[in-house]
Novice: 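Below: one structure in structure tokens.
Below, all heavy atoms of this structure are taken into account, side chains as well, without hydrogens, waters or symmetry copies. Bear in mind the structure is a predicted one, so any value in this text is a computation, not a measurement.
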Amino acid sequence: DPNSTCHACLRLDKYVFLLIYTGPDGEKAWPKKYPFCGGVFQSPIDFHKDILQYDSNLLPLEFIGYNVSSTDQFTLINNGHSVKMYLLPSMYIRNLPFEYTASQLHLHWGNRNKSEGSEHTVSGKHFAAELHIVHYNSEKYPDVTAAMDKADGLAVLAILLEIGSFNPSYEKIFRHFRNVKYKDQMVRVPGFNIRELLPDRLDEYYRYEGSLTTPPCYPSVLWTVFRHPVKISHEQLLALETAMYCTESDDPEPLEMVNNFRNVQEFHERLVFISFREGELYECFYAKKQCTVTCIFKRKSRLYKNDWPSSKLSN
């Protein structure tokens, strides 16, 4: 399933190779069978200041149909690589080069001993886990399968997850993990507002052109990685790290589903465009006598933009 997430191990069954990936070493073999995995425009990447460029034209995404009624249902499945939830075709996003229709969401995570399971990193820092919401270019292609190998085929939203307080919105998915412990098990999930899974600040993000993070690694993804992480509790993260298996329920040697993230890739000559001013601050002073506002541009060692309305920082 090239549209799902995975990593973990190469195991020889009696008559068939079962491809799962038990850690980063498994990635080295990908290009032999999937040439794109050894090519350019690969994902994930590390976001560091040398490759970031502010773009004032980047707009907050517009979400249509994301608030799904509880009378509708999503399908959650363990595909042997990750836990994946199929989304409804009535969900789509705008303010990108095309309109993109939702296909599915899935997660990447580490293991109980090292909760560093995000794919993208910021200045070398891993987060506890990462959620991807996959969309396809529905203006040009009939479905996600037709779109996934096209240069303008996919748009993926990435949400970085860190340990903090209990997250009731994520629990709407996580509570069903016990019913998809083994490969090919599936369960129905009542509809809810998928926007609840996103950070509060939707106007601050990283944008770049990259690839699927699993074979066949097509360079077909327009990535939007939100700057601000979302918190889930340690117990919720543990449910990811310990609850599921790559193998079927009757397998005599069950294999835990852990470390299903790809290593950071070479970035080559690309730029990452950002919708916020990294490490910059405008300090404004009101002068009563002149009735004017003077704004002084400063460089700071910490980030301040959260404290200011975005309208005051975009000019």
Novice: Test: salt bridge (Lys or Arg N to Asp or Glu O under 4.0 Å). Region: residues 142-167. Which pairs qualify, not counting sequence neighbours?
Specialist: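 Listed by first then second residue: K140-D152, E162-K231.
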Novice: Is it true that a side-chain atom of S70 and a backbone atom of G191 form a donor plus acceptor pair closer than 3.5 Å?
Specialist: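 Not at all, since once roles are kept as given, no pair shorter than 3.5 Å links the two residues.
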Novice: Give a yes-or-no answer on whether the side chains of T75 and R188 include a donor-acceptor pair shorter than 3.5 Å.
Specialist: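 Yes.
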Novice: Between Q236 (side chain only) and S233 (backbone N and O only), is there a donor and an acceptor less than 3.5 Å apart?
Specialist: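 Yes, because the side chain of Q236 sits within donor-acceptor range (under 3.5 Å) of the backbone of S233.
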Novice: Taking NZ, NE, NH1 and NH2 as the nitrogens, is one of them in R94 or E99 under 4.0 Å from a carboxylate oxygen of the other?
Specialist: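 Salt bridge between R94 and E99, a charged N being under 4.0 Å from a carboxylate O: yes.
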Novice: In Å, rounded to the nearest 0.5 Å, how long is the span from CG of N259 to CG of N111?
Specialist: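 Nearest 0.5 Å value for the CG-CG distance: 4.5 Å.
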Novice: Go through the steps for E119 and T213 under the test side-chain hydrogen bond (donor to acceptor under 3.5 Å, both in side chains), then give the verdict.
Specialist: CA-CA 8 Å; E119 296 209 301; T213 62; 2.7 Å; yes
Novice: Check for me whether R195 meets the cation-pi criterion with Y66, that is, NZ or CZ under 6.0 Å from the six-membered ring centre and within 45 degrees of the ring axis.
Specialist: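 No, R195 does not lie over the aromatic ring of Y66.
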Novice: Would you say Q104 and H106 are linked by a side-chain donor-acceptor pair, where the criterion is simply a distance under 3.5 Å?
Specialist: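 The criterion, which ignores hydrogens and geometry beyond distance, is satisfied for Q104 and H106.
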Novice: Going by ring-ring contact (aromatic ring centres under 6.0 Å, His included), name the residues that satisfy it together with F226, two or more places apart in sequence or in a different chain.
Specialist: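 Not a single residue meets the ring-ring contact (aromatic ring centres under 6.0 Å, His included) criterion with F226.
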Novice: Evaluate the side-chain proximity of V68 to N193: yes if any heavy-atom separation is below 4.5 Å, no if none is.
Specialist: no
Novice: For a quick test of reading the model, state the closest non-hydrogen atom pair linking P219 to F36 and the distance between them.
Specialist: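 For P219 versus F36, the nearest heavy atoms are CD-CD2, 3.5 Å.
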Novice: Do L105 and I173 make a side-chain contact, defined as non-hydrogen atoms from C-beta onward lying under 4.5 Å apart?
Specialist: yes
Novice: Quick check: closest heavy atoms across L222 and P97, and the distance to 0.1 Å?
Specialist: CD2-CD, 3.7 Å
Novice: So, for L76 and V180, which heavy atoms are closest and what is the spacing to 0.1 Å?
Specialist: O-CG1, 3.7 Å
Novice: With no hydrogens and no angle check, is any side-chain donor or acceptor of S103 less than 3.5 Å from a backbone partner on V134?
Specialist: no
Novice: Compute whether any side-chain donor of one residue and acceptor of the other, for S43 and Y208, lie under 3.5 angstrom apart.
Specialist: yes
Novice: Would the distance check show the side chain of S275 and the main-chain N or O of D203 forming a donor-acceptor pair, the cut-off being under 3.5 Å?
Specialist: yes
Novice: Short question: side chain of H108, backbone of N260 - any donor-acceptor pair under 3.5 Å?
Specialist: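 Yes: the side chain of H108 pairs with the backbone of N260.
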Novice: For D55, which residues count as a side chain to side chain contact (heavy atoms under 4.5 Å, CB included) partner, sequence neighbours excluded?
Specialist: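 Once residues adjacent in sequence are excluded, the partners of D55 under the side chain to side chain contact (heavy atoms under 4.5 Å, CB included) criterion are N57, L58, F273.
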Novice: Would you say Q42's side chain and C217's backbone share a donor-acceptor pair under 3.5 angstrom?
Specialist: yes
Novice: Looking only at atom types and distance, does a side-chain atom of E256 sit under 3.5 Å from a main-chain N or O of P254, one as donor and one as acceptor?
Specialist: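 Checking the backbone N and O of P254 against the side chain of E256, no donor-acceptor pair under 3.5 Å is found.
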Novice: Test: salt bridge (Lys or Arg N to Asp or Glu O under 4.0 Å). Region: residues 123-136. Which pairs qualify, not counting sequence neighbours?
Specialist: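 Pairs touching residues 123-136 that pass the test: none.
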Novice: Are Y92 and V144 co-members of a hydrophobic cluster defined by side-chain heavy atoms under 4.5 Å apart?
Specialist: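 No; Y92 is not reachable from V144 via cluster members.
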Novice: Mind checking what makes side-chain hydrogen bond (donor to acceptor under 3.5 Å, both in side chains) contact with T224, not counting sequence neighbours?
Specialist: R207
Novice: Counting neighbours of CG on D250 that are heavy atoms of other residues, nucleotides or ligands and sit closer than 6.0 Å, is the number greater than 12?
Specialist: yes
Novice: Check whether any side-chain N or O of S82 sits under 3.5 Å from a backbone N or O of K84 as a donor-acceptor pair, and report yes or no.
Specialist: no
Novice: May I ask you to test the V272-I45 pair for a side-chain heavy-atom distance under 4.5 Å?
Specialist: yes
Novice: Does H126 have any ring-ring contact (aromatic ring centres under 6.0 Å, His included) partners at least two apart in sequence or in another chain, and if so, which?
Specialist: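 With neighbours one apart ignored, the set is F261.
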Novice: Tell me which pairs pass ring-ring contact (aromatic ring centres under 6.0 Å, His included) where either residue lies in residues 134-171, with sequence neighbours left out.
Specialist: Y170-F174
Novice: Do any pairs count as a salt bridge (Lys or Arg N to Asp or Glu O under 4.0 Å) and have a residue in residues 263-272, sequence neighbours left out, and if so which ones?
Specialist: none
Novice: Is W109 close to L107 at the side-chain level, that is, under 4.5 Å between some pair of heavy atoms?
Specialist: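 When only atoms from C-beta onward are counted, W109 and L107 do touch, with a gap below 4.5 Å.
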Novice: Check salt bridge (Lys or Arg N to Asp or Glu O under 4.0 Å) between E196 and all other residues, then give those that pass, not counting sequence neighbours.
Specialist: K172
Novice: Is E241 salt-bridged to K114, going by a charged N under 4.0 Å from an acidic O?
Specialist: no
Novice: Residues in side chain to side chain contact (heavy atoms under 4.5 Å, CB included) with S249, at least two apart?
Specialist: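 Side chain to side chain contact (heavy atoms under 4.5 Å, CB included) check on S249 returns Y182, Q185.
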Novice: Measure the spacing between CZ of R112 and NE2 of H234 and express it to the nearest 0.5 Å.
Specialist: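 Spacing of CZ (R112) from NE2 (H234) equals 10.5 Å.
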Novice: For N78 and K181, indicate whether the former's side chain and the latter's backbone hold a donor-acceptor pair under 3.5 Å.
Specialist: yes
Novice: List the residues meeting side chain to side chain contact (heavy atoms under 4.5 Å, CB included) with V264, not counting sequence neighbours, and say none if there are none.
Specialist: D46, T121
Novice: Could you pull out all residues at least two apart from V122 that satisfy side chain to side chain contact (heavy atoms under 4.5 Å, CB included)?
Specialist: F47, F127, L160, Y206
Novice: Could you measure the distance from the CD atom of E27 to the CD atom of Q265? Nearest 0.5 Å is fine.
Specialist: 6.5 Å
Novice: From L87 CG over to D72 CG, what is the distance, rounded to the nearest 0.5 angstrom?
Specialist: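 The CG atom of D72 is 12.0 Å from CG of L87, to the nearest 0.5 Å.
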